[in-house]
Asks: 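The following block contains the structure, expressed as structure tokens.
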Amino acid sequence: MPKITLPDGSERQYDAAVSGAEIAASIGSGLAKAAVAVRVDGEPWDLTRVIENDARVEILTRDSDDGLELLRHDAAHVLAEAVKELWPDTQVTIGPAIENGFYYDFSRKEPFTETDLETIEARMQEIVDRDEVIEREIWKRDDAVAFFRGIGEEYKAEIIDSIPAGEDVSLYRQGDFIDLCRGPHLPSTGKLGKAFKLTHVSGAYWRGDSNNEMLQRVYGTAWSNDKQLRKYLHMLEEAEKRDHRRLGRVMDLFHFQEEAPGAVFWHPKGWSLFQSLIAFMRQEQNAAGYQEINTPEVMSRSLWEASGHWESFGDNMFTTETVDGRMYAIKPMNCPGHVQVFKQGITSYRDLPYRLAEFGKCHRYEPSGALHGMMRVRAFTQDDAHVFCTPEQITSESIAVCNLILGIYRDFGFEDVRIKFADRPEVRVGEDAVWDQAEAALVSALDASGLEYTHNPGEGAFYGPKLEFVLRDAIGRDWQCGTLQVDLNMPGRLGASYIGEDGEKHLPVMLHRAIFGSLERFMGILIEHHAGNLPLWLAPVQIKVLTITSDADDYAREVIAELRARGLRAEADLRNEKISYKVREHSVAKIPVQFAVGQRETENRSVAIRRLGSKKQQVMSLADAIQALLDEVEKRASQD
RNA sequence: GCCCACAUAGCUCAGGGGUAGAGCACUUCCUUGGUAAGGAAGAGGCCCCCGGUUCAAAUCCGGGUGUGGGCUCCA
């Protein structure tokens, strides 16, 4: 006689043990239809599983986050069933729900083709039409291992084998397909609906280990209804329009070519934007007490051996051997160079904290498959800095860095920033006692700053723990940009020290920090965040002056001269073309402000202003227009 | 690095064992037009590279390089 308590606090008494489906039906037919699973005392259960005792029960509907995840998980099972029907000698492995969809990893000799995807998708729809009952079964672990081994599913058997002996496992059966799964699942395949689509195939290593066999992964997306599916597919198209590689071309910012994989060829407009980013950062960090330096790009291999980089990353460094047989490395980082500058001057604790910054161009031989537009390159520019300080100064310096980073992100319109604390990795340099100290210092700085953060275990740098600053862009994607690392190892390895108040030699603490991270990557993120519609203060060409007829050419030249004299980046378009033609071309090129000038404007020294994205025009005196734009630049305002 | 796909004009792409195609961009001419493409003509190609098959390869096959989607990696 279970008493069921619903989330709103109401209670229902049932005469006998009752299933989630029955509870939902007793509340309403609409709910019964939308229900996909239940949560019983916080634990997700199948809708058909019988509840014997008093419990708190929550009905999960297909529209809820949990319900959607379940649908996606079911879609993965239906995918696996379809593949097993079509190609019985394919082995199944794992198939989880992921953000926006699902995937399933299969082991087979022949990779899937694009045509196979269509075939599989059609079969999945048949399985949905068949409306097969999905049943939960509890097996003894060893029986399950023997069963899967018996039907040739070695991977499945291996997974179950890694579950502690003596534990029972749950299997789910739908039609002739049976799979190990924690559940819960839908009561039948028909409930999945057809708002799913297979999207692409790729390779994926078994258990995520590159030493293992490469499996064939099929990705798909799944939603609660067709409308949601269409909305998602539309969002993908919109994201593609924002692609910085496409916009970099239409905005004439940069290009890549085969002779320099992973390295940017900057065009005048792209370099202008790059310089704007540097100018801004320079101003902000000078104000925060940093001094800018520059260190060599090519240094002897011995320095990298001393720093520990050679051992950890030697395979990923560009090297160069001179005719006399000396081996040099092209710098992958700036820190060893900064330590050399520290060693040349600083001897006293009175000089600390000592903050050195560099816009250093680094080269890393990234795996070819990792390259991706400007987001992952082999030649990039870091806004790198190192704060040399005493152990007592770690907290205050770390807080200052956090505030600097968050403030700068706000200036770029990134308000949603997450912080992750990454501690010691398995492969590292230095004593554990030193790591204890560095991690504790970073955590205490975080606690003192009052900022929220999450824990990212084992993801620290080889020389110290770090904070990762992750910003979320306009369409909800996360990008890790900034970093703050506490390093108690490198100064000692490279022989840096200072004389403390006590007259003794001490090792300085080194805080590594970057805010943009890579300027190339940050620019890519900025372009995609703004969909190319850069805020006025960053736009390489801020104003285009378009003439209606050639009678206005002289006035247009005057306007350009005036704009440039006031520090605005402006270009004229005096071509013998119709105004619509010019407007379209510069709109496509994402120029934020267009001034149209014709006879009327020439006569009263005005401009007809059209902002990117707007179809309206505003006529204003040239003087007022310039002032308004200067104000906007000063405020670093974003249009969106 | 690994799996799959792709590589044709500046760009976006069609084609396909035997003179290389379109749209846009570009050049010239006409047009001086008030807010997202005015008209005409012209020029533009080692069909990514190296091999092989073939009477004949841009096309088929193999290898390489690059790019894309993932996996692994990211000091």
Side-chain angles (χ1 to χ4, degrees), chain A residues 103 105 110-114 116 199-219 243 245-246 249-250 252 255-262 304 307-317 331-336 362 364-373 375-378 380 382 384 425 427-429 459-464 466 480 483 485 487 490 512 514 517-518 521 546-553 575-588 594-601 608-610 612-617 619:
Chain A
Y103 68 75
D105 284 347
E110 290 294 308
F112 293 109
T113 64
E114 295 293 320
D116 290 340
T199 50
H200 54 284
V201 285
S202 81
Y205 297 109
W206 166 237
R207 298 207 146 158
D209 184 336
S210 57
N211 296 313
N212 289 342
E213 186 206 345
M214 173 119 343
L215 306 171
Q216 302 298 324
R217 176 171 295 180
V218 177
Y219 280 93
D243 191 310
R245 290 163 299 191
R246 189 184 80 82
R249 238 192 324 273
V250 305
D252 193 18
H255 83 269
F256 289 92
Q257 67 186 49
E258 200 171 332
E259 290 82 353
W304 303 104
S307 71
H309 289 98
W310 189 263
E311 197 190 337
S312 299
F313 294 101
D315 289 346
N316 297 310
M317 285 164 73
K331 74 175 174 185
M333 293 195 82
N334 305 297
C335 25
C362 298
R364 297 178 183 177
Y365 187 73
E366 301 287 1
S368 57
L371 300 180
H372 178 92
M375 303 306 193
R376 189 83 182 268
V377 288
R378 286 182 174 154
F380 60 101
Q382 284 184 320
D384 203 3
V427 182
R428 58 181 182 266
V429 297
E459 295 295 318
F462 73 85
Y463 47 70
K466 65 181 177 185
Q480 195 211 305
T483 179
Q485 302 161 8
D487 180 0
M490 189 100 47
H512 304 240
S518 144
R521 180 176 144 89
L546 333 179
T547 49
I548 308 274
T549 71
S550 55
D551 293 339
D553 285 2
R575 291 175 304 169
N576 174 16
E577 295 292 351
K578 286 200 164 61
I579 191 68
S580 310
Y581 183 91
K582 296 184 184 181
V583 165
R584 175 174 194 278
E585 191 170 294
H586 302 125
S587 298
V588 168
Q594 300 189 37
F595 284 180
V597 296
Q599 199 183 349
R600 295 201 292 270
E601 289 76 14
I609 305 169
R610 181 185 170 121
L612 181 58
S614 165
K615 291 198 188 306
K616 288 188 224 138
Q617 313 146 51
V619 180

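Reckoned from all heavy atoms, side chains included, excluding hydrogens, waters and symmetry mates.
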Asks: Give none if B:rC11 has no partner; otherwise give the nucleotide forming a Watson-Crick or G-U wobble pair with it, both distances under 3.5 Å.
Replies: B:rG23

Asks: Measuring only the C1' atom in each nucleotide, how far is B:rG1 from B:rC60? A whole number of Å is fine.
Replies: 30 Å

Asks: With both distances under 3.5 Å as the test, what is the Watson-Crick or G-U wobble partner of B:rA58?
Replies: none

Asks: Among B:rG70, B:rG34, B:rU72, which nucleotide sits nearest the side chain of A:R600?
Replies: B:rG34

Asks: Between side-chain atoms of residues 199-206 of chain A and protein atoms elsewhere (two or more places apart, or another chain), which donor-acceptor pairs fall under 3.5 Å?
Replies:
unit_1: A:T199; atom_1: OG1; unit_2: A:Y219; atom_2: O; d: 3.2

Asks: Looking only at the side chain of A:S202 (C-beta and beyond, no hydrogens), which of the listed nucleotides B:rA75, B:rG1, B:rG69 gets closest?
Replies: B:rG69

Asks: For A:Y219, answer base if it contacts any base atom (sugar-phosphate contacts may also be present), sugar-phosphate if it contacts only those atoms, and nothing otherwise; contact means non-hydrogen atoms under 4.0 Å.
Replies: sugar-phosphate

Asks: Return the nearest nucleotide to the side chain of A:P111; candidates are B:rC71, B:rC4, B:rU35.
Replies: B:rC4

Asks: Say you pick atom C1' in B:rU67 and the same atom in B:rU28; how far apart are they, in whole Å?
Replies: 37 Å

Asks: Hunt down the Watson-Crick or G-U wobble partner of B:rC29, both distances under 3.5 Å, from any strand shown, or write none.
Replies: B:rG39

Asks: Treating A:K331 as the side-chain partner and A:P336 as the backbone partner, does any N or O pair qualify as donor plus acceptor under 3.5 Å?
Replies: no

Asks: Of the nucleotides B:rG69, B:rG33, B:rU35, which one has an atom closest to the side chain of A:R245?
Replies: B:rG69

Asks: Looking at B:rA75, B:rG34, B:rA36, which one has an atom nearest to any side-chain atom of A:E601?
Replies: B:rG34

Asks: Of the options B:rG70, B:rU67, B:rU35, whose atoms approach the side-chain atoms of A:V583 most closely?
Replies: B:rU35

Asks: Does any donor-acceptor pair link the side chain of A:R378 with the base of B:rC74 at a separation under 3.5 Å?
Replies: no

Asks: From B:rG34, B:rC71, B:rG69, pick the nucleotide closest to the side chain of A:I548?
Replies: B:rG34

Asks: Check nucleotides 25-27 of chain B for protein N or O atoms closer than 3.5 Å to its own N or O atoms and list the pairs.
Replies:
unit_1: B:rA25; atom_1: OP1; unit_2: A:Y581; atom_2: OH; d: 3.4

Asks: Would you tabulate the pairs of protein nitrogen or oxygen atoms and nucleotide nitrogen or oxygen atoms of nucleotides 7-13 of chain B closer than 3.5 angstrom?
Replies:
unit_1: B:rC11; atom_1: O3'; unit_2: A:R249; atom_2: NE; d: 3.4
unit_1: B:rU12; atom_1: OP1; unit_2: A:R249; atom_2: NH2; d: 2.9

Asks: So for A:R610 and B:rA36, does any side-chain atom that can act as donor or acceptor lie under 3.5 Å from a complementary atom in the base?
Replies: yes

Asks: Does the structure show a Watson-Crick or G-U wobble partner for B:rG68, both distances under 3.5 Å? Name it, or say none.
Replies: B:rC4

Asks: Take atom C1' in B:rC47 and the same atom in B:rG17, then report the distance between them in whole Å.
Replies: 14 Å

Asks: What nucleotide among B:rG38, B:rA75, B:rA36 has an atom nearest to a side-chain atom of A:S587?
Replies: B:rA36

